[in-house]
**Q** 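So that we are looking at the same thing, I have put the structure below in structure tokens.
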Number of protein chains: 2
Amino acid sequence: MVEKEKKDLVEEYLKTLKERGFRLTNQRKIIIETLLGNIGSHPNAQELLKKVQEIDPSVGIATVYRTVEILSQMGLLNLMNLEEGFNRFEIPGKTMHFHTFCKYCGKILHLNNEKEKEDMVKKWIEETGFKIIPQTFEISGICSECAEDIEKGDELICRCPSPNPTCRYRKGFGPGKGKCRMRWCNSND
Amino acid sequence: MVEKEKKDLVEEYLKTLKERGFRLTNQRKIIIETLLGNIGSHPNAQELLKKVQEIDPSVGIATVYRTVEILSQMGLLNLMNLEEGFNRFEIPGKTMHFHTFCKYCGKILHLNNEKEKEDMVKKWIEETGFKIIPQTFEISGICSECAEDIEKGDELICRCPSPNPTCRYRKGFGPGKGKCRMRWCNSND
DNA sequence: TTCGGTGCAAACTATTTGCATCAAA
DNA sequence: TTTGATGCAAATAGTTTGCACCGAA
């Protein structure tokens, strides 16, 4: 049944494209199928390309960007910005999602009772006459561990999954205390 | 008194920098004063540089980026992403801000009762143990005018402040219907 | 006097675009 | 047959970085 739902969704996406006058190319089909087949994975352009090339290695990055742009403009795809220097893509769900994002260690937690929160946000924007687009909210904060370090006056400590020895959070943040290239840590490179 | 408050804030910012071991250079002072003297303007790097160069024309863009990065890491500055292809900077206020952002025409509206909404969001993340950072929420949606067009099956129409004749929203979105370089419209270029 | 900070230009990286060619309709 | 779509490579644009010199502490 999950399989069925996905197929329906793909059809729906293709139908929308067609209605708008876009051609249903093989590349677009693969990209859409890949996106819909990996809901929850939030790929960036490179990751999406890689998956797509498993089906058809001849697809180019430009086509990925062009397709993603179209889908995004039609409200069929959301862009996520996690301050990583690039975008991630997300199929808008039926419900919205709510995350907290620790500004210091990058940790992401999912909030509960999303339906309830979604209703609340919908009510918020009623006064504007806007119709909401299902989306994911990233609420920036400081997680309890980092907050504790800061409170104690301690140097922050890198909590990335595989800490980089030169991550600035490993040795604290400040002059002469180590440095990393990316916003949070480059241990994932 | 507003003048006084700003001066205090500047002092606070400089003190925090110093405590972390950063040097209080003239450039950093100017950048911080400019940011704190233009709260609510949400400049990007270029705009900030321009303002800063009105005080000291010798300041370079690299220094702006480096300073902004430091402030951001210390929680003294928020980055805003409006899907424009670059970041805007924002001094975190005492209260959070809530905007709706029309995904089709780019219109931004401010919501009312921000304090109330802020309390709500704080309550949301209580369960995670996160401490919230004052921030601005951009809630993506479709404004009533664009929704109407879509409902009618009409082509969307560009509603940018100074419409670009080639904006895709001017002639509708789809093949052979005009095109613009930027995400929404390049009429601001 | 010592390093951290700066300006400059070069490098980098995600994304966009021009163009010849391909293929959906 | 028409014209939108693609792949490639080159171009963009925001941001970062190497380096020689400068200046805060």
Side-chain angles (χ1 to χ4, degrees), chain A residues 14 17-32 43-49 52-53 56-73 79-89 166 168 173-183 186 189, chain B residues 14 17-32 43-49 52-53 56-73 79-89 166 168 173-183 186 189:
Chain A
L14 297 179
L17 274 189
K18 191 161 200 174
E19 284 172 355
R20 274 285 190 171
F22 294 102
R23 289 188 180 171
L24 302 188
T25 66
N26 213 28
Q27 291 91 329
R28 283 176 180 166
K29 283 178 195 162
I30 297 173
I31 292 171
I32 288 169
N44 61 20
Q46 298 301 333
E47 290 162 351
L48 178 54
L49 176 69
V52 165
Q53 287 184 333
D56 179 350
S58 72
V59 177
I61 189 75
T63 299
V64 167
Y65 276 112
R66 283 188 277 233
T67 303
V68 151
E69 165 73 8
I70 290 169
L71 294 176
S72 166
Q73 291 290 357
L79 303 185
M80 294 175 72
N81 178 274
L82 263 47
E83 300 187 357
E84 299 169 296
F86 52 82
N87 285 314
R88 293 182 177 280
F89 314 126
T166 62
R168 55 159 61 107
F173 178 51
K177 304 219 180 103
K179 190 162 177 326
C180 65
R181 283 174 2 91
M182 296 300 287
R183 184 153 185 74
N186 62 2
D189 293 353
Chain B
L14 297 179
L17 274 189
K18 191 160 200 174
E19 284 172 355
R20 274 284 189 172
F22 294 101
R23 288 186 180 171
L24 302 187
T25 66
N26 212 30
Q27 291 91 329
R28 284 176 178 165
K29 283 179 195 162
I30 296 173
I31 291 171
I32 289 170
N44 61 20
Q46 298 301 333
E47 290 163 350
L48 178 55
L49 176 68
V52 165
Q53 288 185 332
D56 179 350
S58 73
V59 177
I61 189 73
T63 298
V64 167
Y65 277 111
R66 284 188 276 233
T67 303
V68 152
E69 165 73 7
I70 291 170
L71 294 176
S72 167
Q73 291 289 359
L79 304 185
M80 294 175 71
N81 177 272
L82 265 44
E83 301 187 358
E84 299 169 297
F86 52 81
N87 285 313
R88 293 182 176 279
F89 314 125
T166 62
R168 55 159 60 109
F173 177 51
K177 303 216 180 107
K179 189 162 181 324
C180 66
R181 279 170 9 87
M182 294 300 286
R183 185 153 182 74
N186 62 3
D189 294 352

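Note on naming: letters A, B, ... go to the chains in the order of the sequence lines (proteins, then strands), and numbering restarts at 1 for each one.
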**Q** Among C:dA14, C:dA9, D:dT15, which nucleotide sits nearest the side chain of A:Tyr65?
**A**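 My answer, after comparing the listed nucleotides, is C:dA14.
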
**Q** Spell out yes or no: do the side chain of B:Arg23 and the base of C:dG5 have one donor N/O and one acceptor N/O closer than 3.5 Å?
**A**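 No pair found.
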
**Q** Taking N and O atoms by type only, does the side chain of A:Arg66 place a donor or acceptor under 3.5 Å from a partner on the base of D:dG4?
**A** no

**Q** For the side chain of A:Thr25, starting at C-beta, report the closest nucleotide among C:dA25, D:dT6, C:dG5.
**A**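 Between C:dA25, D:dT6, C:dG5, the one nearest the side chain of A:Thr25 would be D:dT6.
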
**Q** Checking contacts here: which listed nucleotide (D:dT6, C:dG5, C:dA25) is nearest the side-chain heavy atoms of B:Phe22?
**A** C:dG5

**Q** Output the rounded distance in Å from CG (B:Asn81) to P (C:dT15).
**A**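 In whole Å, C:dT15 P lies 11 Å from B:Asn81 CG.
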
**Q** Once you round to the nearest 0.5 Å, how far does CD1 of B:Ile30 lie from OG1 of B:Thr25?
**A**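 Spacing of CD1 (B:Ile30) from OG1 (B:Thr25) equals 8.5 Å.
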
**Q** Can you tell me how far C1' of C:dT15 sits from CD1 of A:Ile70, to the nearest Å?
**A** 15 Å

**Q** Rounded to whole Å, how long is the line connecting atom NZ of A:Lys29 with atom P of C:dA23?
**A** 14 Å

**Q** Measure CD/B:Glu47 against P/D:dA13 and give the value in whole Å, please.
**A** 16 Å

**Q** Tell me: CG of A:Leu71 to P of D:dA5, nearest whole Å?
**A**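 That distance rounds to 12 Å.
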
**Q** Determine whether B:Asn44 and B:Asn87 make a side-chain contact, defined as any pair of heavy atoms from C-beta on separated by less than 4.5 Å.
**A**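 Of all side-chain heavy-atom pairs linking B:Asn87 with B:Asn44, none is under 4.5 Å.
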
**Q** Measuring from the side chain of A:Leu24 (C-beta onward, heavy atoms only), which nucleotide among D:dT6, D:dG14, C:dA25 has the closest atom?
**A** C:dA25

**Q** For A:Gln27 and C:dA23, is the shortest distance between a side-chain N/O and OP1 or OP2 below 4.0 Å?
**A**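 No, A:Gln27 has no side-chain N/O under 4.0 Å of OP1/OP2 on C:dA23.
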
**Q** How long is the line joining CD of A:Glu69 and C1' of C:dT17, in whole Å?
**A** 13 Å

**Q** Take A:Leu17 and A:Ile32, measure what side-chain contact (heavy atoms from CB on, under 4.5 Å) needs, and give me the verdict at the end.
**A** CA-CA 11 Å; A:Leu17 274 189; A:Ile32 288 169; 3.8 Å; yes

**Q** Can you figure out which of C:dT15, C:dT6, C:dC8 approaches the side chain of A:Asn87 most closely?
**A**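 Nucleotide nearest to A:Asn87's side chain: C:dT15.
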
**Q** In whole angstrom, give the distance that lies between atom CD of A:Gln46 and atom P of C:dT16.
**A** 13 Å

**Q** Rounded to the nearest angstrom, tell me the gap between atom CZ in A:Arg88 and atom P in C:dT13.
**A**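 Computing the A:Arg88:CZ to C:dT13:P distance gives 16 Å.
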
**Q** Closest nucleotide of DNA chain D for B:Asn44 versus for A:Asn26: which of these residues is on the 5' side?
**A**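 Closer to the 5' end of DNA chain D: A:Asn26.
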
**Q** I'd like to check A:Gln27 versus A:Val52 (side-chain heavy atoms, cut-off strictly below 4.5 Å). Are they in contact?
**A** no

**Q** To the nearest 0.5 Å, tell me how far A:Leu24 CG sits from A:Leu14 CG.
**A**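 The CG atom of A:Leu24 sits 5.5 Å away from the CG atom of A:Leu14.
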
**Q** For B:Ile61 and A:Ser58, take the nucleotide of DNA chain D holding the closest heavy atom to each; which residue's nucleotide lies nearer the 5' end?
**A**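 It is A:Ser58 whose nearest nucleotide is closer to the 5' end.
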
**Q** Go through D:dA9, D:dA5, C:dA14 for me and flag the one nearest to the A:Ala62 side chain.
**A** D:dA9

